[in-house]
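I have placed the structure first, in the form of structure tokens, so that the comments after it can refer back to it.
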Amino acid sequence: MIAQLHDLYRPSLALLTDLYQLTMAYAYWRTGMAEHEAVFHLTFRKNPFAGGFAVAVGQSYARELVARFAFTADDLAFLATLRGNDDAPLFSDDFLSYLGALVPTVAVDALPEGTVAFPHEPVLRVRGPILQAQLLETALLNVINFQTLIATKAARVAMAAGGQPVLEFGLRRAQGIDGALAASRAAYVGGCAATSNVLAAKLFGIPVRGTHAHSWVMSFDDEREAFAAYAAAMPNNCVFLVDTYETRRGVERAIEAGRALRARGHEMAGVRLDSGDLAFLSNEARRLLDAAGFPKATVVATNDLDEQLIASLKQQGAAIDVWGVGTRLATAFDQPALGGVYKLAAIRRPGGEWRYRVKLSEQAIKTSTPGILQVRRFHDAGGAVCDMIWDELLGVPAAATLIDPNDHTRRRAVPTDARGTDLLVPLVRGREPFGEAEPLTAVRERVANELGQLHAGVKRFANPHQYPVGLEARLYERKTELILAAREGPR
């Protein structure tokens, strides 16, 4: 049984939010706006790691957050202790009673977990009473932002490894327990073959791998004795760490232990390099292993690896078979956050007409897109060719044109022979999750399939090609009208 979010934490996560979400909810309730219907979109503005794509992950957590959303008696008791700047209760008893009886009725649509996504596209769309949608913002951003970041990093690392196994070894350097567990989950989805994190392996059904550390070798009088003792204790798990003292000598000692293992009917799995010139040392290790009759023994490399270093080592001809990636994967090294945002795009009174909403900025990239948005991805025989963000209130014309949200001069006609698929699909309706939760293996396969549909230029690390994403022309015009009206009129 794969663990669900409530298995990891308390059943209610309603207080996993910023205080201002609750103060706005109170104000909505006090002003009679709590049941006004609203549409919010969760998007990000830039691809992480200066790359050409992101891998959207965390939807499974989001699904459960919404379905199980509830304020417990303990939650309400805590909220009752909060005070305003006049030392009066921050929330009235009637409002707390309202929260206690609250049952989610929002409809959440999302990209299927593991879908490749691009800036400005909604990863999630939340539609329902504005008070409820507001209360969900922080938690949804929390689970989508981090796991998307780690899954994207893992996909880049796996691409650099070129099909060779990547092991996620980031537990000891991760940002806390949740950071470690969520990182292991997202890294596996993104393309890692296994994790060293035993709890993550148990909770999520991820393959787990590991051998020994330098301390094992150092606890014996010499390296030969340490390897022999480990081989005797764990004959079916012998990847010897060979750089405690001197790497070449360590490989030779590992070969001795391997011969003793073979005499007892077992095989040495390989050696691990954790320091030094990995390109040179891996080739030396490979030469020694092959000459000694161990051509199937793997050379595992660790030591602060990431996609850039792996790509460099492969270009240098390193004889490395398995890559252990820790700190720079689990911490999303060189970009600490995705920067996802959650913006109101439309609102209406019960039974009324929809009113578009746009958030302005002096920076075009930070100006939000109004409407009830959907993403349509177009494919031809060669793979994905472009994405169109369109408004369900406006529809899609037979001949569609895409306009870059940040540059109106960048326009592209959708190829007439391309087939389009709308990407946002139902995730949860109120307390009812839509469909069955997918196993991580299926999500992992989706990531591989999605990346396989992208042009190679989009996936390169340096100056990647910009995958075409644009607003449908009428949506772009509507957005422009709203921006001009907002700038000209009083606000």
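Along the sequence shown, the residues carry numbers beginning at 1.
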Item to check | Glu438/Arg446 ion pair, N-O < 4.0 Å | outcome: yes

Next on the checklist: Tell me whether Glu121 contacts the main-chain N or O of Phe118 through its side chain, where contact means a donor paired with an acceptor under 3.5 Å.
Outcome noted: yes

Checklist entry - Around atom NZ of Lys314, are there more than 12 heavy atoms of other residues, nucleotides or ligands at under 6.0 Å? => result yes

Next on the checklist: Atom CE of residue position Met234 - does it have more than 12 heavy atoms of other residues, nucleotides or ligands inside 6.0 Å?
Outcome noted: yes

Item to check | Minimal non-hydrogen separation, Glu223 against Val242, with atom names | outcome: OE2-O, 3.9 Å

Next on the checklist: Between Arg125 (side chain only) and Leu373 (backbone N and O only), is there a donor and an acceptor less than 3.5 Å apart?
Outcome noted: yes

Checklist entry - Salt bridge check: are Arg173 and Glu168 linked by an N-O gap of less than 4.0 Å? => result no

Checklist entry - Is it true that Arg259 and Glu256 have a side-chain N and a carboxylate O under 4.0 angstrom from each other? => result no

Checklist entry - Backbone N or O of Leu338 within a donor-acceptor pair of the Asn145 side chain at under 3.5 Å? => result no

Checklist entry - Under the 3.5 angstrom rule, does the side chain of His212 hit a backbone N or O of Tyr230 as a donor-acceptor pair? => result no

Item to check | Asn237 side chain to Gly210 backbone, donor-acceptor under 3.5 Å | outcome: yes

Next on the checklist: Pairing donors with acceptors under 3.5 angstrom, does anything connect the side chains of Asp243 and Ser275?
Outcome noted: yes

Checklist entry - Does Glu267 come within less than 4.0 Å of Lys296, counting only side-chain N to carboxylate O? => result no

Checklist entry - What's the spacing between Asn47 CG and Gln335 CD if we round to 0.5 Å? => result 9.5 Å

Checklist entry - Distance-only, no hydrogens or angles: does the Glu37 side chain make a donor-acceptor pair with backbone N or O of Pro129 under 3.5 Å? => result no

Checklist entry - Atom CZ in Arg253, atom CZ in Arg224: separation rounded to 0.5 Å? => result 4.0 Å

Checklist entry - Within 45 degrees of the axis of the six-membered ring of Tyr188 and under 6.0 Å from its centre: does Arg444 put its NZ or CZ there? => result yes

Next on the checklist: More than 12 heavy atoms of other residues, nucleotides or ligands under 6.0 Å from CZ of Phe220: yes or no?
Outcome noted: yes

Next on the checklist: Could you check whether atom CD1 of Ile177 has more than 12 heavy atoms from other residues, nucleotides or ligands sitting under 6.0 Å from it?
Outcome noted: no

Checklist entry - Should we say atom OH of Tyr245 is surrounded by more than 12 heavy atoms from elsewhere, each under 6.0 Å from it? => result yes

Checklist entry - What's the verdict on salt bridge (charged side-chain N to carboxylate O under 4.0 Å, His left out) for Arg377 and Asp422, showing C-alpha distance, side-chain angles and the deciding distance? => result CA-CA 6 Å; Arg377 181 159 296 164; Asp422 288 337; over 6 Å; no

Next on the checklist: Closer than 4.0 angstrom, basic N to acidic O: yes or no for Lys153 and Glu307?
Outcome noted: yes

Checklist outcome for this item: Distance col, row Leu329:CG vs Cys192:SG, nearest 0.5 angstrom, shows 5.0 Å

Checklist entry - Closest approach of Leu451 and Ala155, non-hydrogen atoms and distance? => result CD1-CB, 3.9 Å

Checklist entry - From Leu135 CG over to Leu16 CG, what is the distance, rounded to the nearest 0.5 angstrom? => result 12.0 Å

Item to check | Side-chain touch Thr195/Leu167, heavy atoms, less than 4.5 angstrom | outcome: no

Checklist entry - Is a side-chain N or O of Arg460 found less than 3.5 angstrom from the main chain of Asn463, in a donor-acceptor match? => result yes

Checklist entry - Looking at CG of Leu22 and CZ of Phe71, how far apart are the two atoms once the value is rounded to the nearest 0.5 Å? => result 5.5 Å

Item to check | Stepwise side-chain contact (heavy atoms from CB on, under 4.5 Å) check, Leu427 with Phe434 | outcome: CA-CA 5 Å; Leu427 185 70; Phe434 199 89; 5.8 Å; no

Next on the checklist: side-chain contact (heavy atoms from CB on, under 4.5 Å), that's the test. Do Arg264 and Leu261 meet it? Break it down for me.
Outcome noted: CA-CA 5 Å; Arg264 299 197 302 271; Leu261 270 171; 3.7 Å; yes

Next on the checklist: Determine whether a donor-acceptor pair (N or O, by modelled atom type, separation under 3.5 Å) exists between the side chain of Thr105 and the backbone of Gly430.
Outcome noted: no

Checklist entry - With under 30° as parallel and over 60° as perpendicular, where do the rings of Phe95 and Phe91 fit, or are they tilted in between? => result tilted

Checklist outcome for this item: Shortest non-hydrogen pair, Phe49 vs Leu149, comes out as CE1-O, 3.5 Å

Item to check | Polar contact flag, side-chain donor to acceptor under 3.5 angstrom, Thr441-Glu445 | outcome: no

Next on the checklist: Can a donor-acceptor pair be found, under 3.5 Å and without considering hydrogens, that links the side chain of Asn142 to the backbone of Ala139?
Outcome noted: no

Checklist entry - Yes or no on side-chain contact (heavy atoms from CB on, under 4.5 Å) for Val300 and Val271, after CA distance, side-chain angles and deciding distance? => result CA-CA 6 Å; Val300 182; Val271 299; over 6 Å; no

Next on the checklist: With a sphere of 6.0 Å drawn around NE2 of His455, does it hold more than 12 non-hydrogen atoms of other residues, nucleotides or ligands?
Outcome noted: no

Checklist entry - Near Tyr98 OH, under 6.0 Å, is it more than 12 heavy atoms from other residues, nucleotides or ligands? => result yes

Checklist entry - Which atom names give the shortest non-hydrogen contact between Ala193 and Pro165, and what distance separates them? => result CB-CB, 4.2 Å

Checklist outcome for this item: Correct closest heavy-atom pair for Val126 and Ala133 would be CG1-CB, 3.9 Å

Next on the checklist: As an exercise, state the distance from CD1 of Ile320 to CG of Leu313, rounded to the nearest 0.5 Å.
Outcome noted: 5.0 Å

Checklist entry - Side-chain donor-acceptor pair under 3.5 Å between Gln21 and Thr138, yes or no? => result yes

Next on the checklist: Using a 3.5 Å distance criterion without hydrogens, assess whether the side chain of Ser312 forms a donor-acceptor pair with backbone atoms of Gln308.
Outcome noted: no

Checklist entry - Among side-chain atoms of Thr302 and Arg272, is any donor-acceptor pair under 3.5 angstrom? => result yes

Checklist entry - Should Glu113 and Val57 be marked as a side-chain contact (heavy atoms from CB on, under 4.5 Å) after you check the CA-CA gap, both sets of side-chain angles, and the distance that decides it? => result CA-CA 5 Å; Glu113 192 164 31; Val57 175; 3.4 Å; yes

Checklist entry - Any side-chain donor-acceptor pair under 3.5 Å between Glu137 and Gln134? => result yes

Next on the checklist: One thing to verify: whether Arg127 and Asp109 come together as a salt bridge, which I'm taking to mean a side-chain N less than 4.0 angstrom from a carboxylate O.
Outcome noted: no

Next on the checklist: Would Arg262 pass as a cation-pi partner of Phe294, given that its NZ or CZ must be under 6.0 Å from the six-membered ring centre and within 45 degrees of the axis?
Outcome noted: yes

Checklist entry - In terms of heavy-atom contacts, does CZ of Arg172 have more than 12 from other residues, nucleotides or ligands at under 6.0 Å? => result no

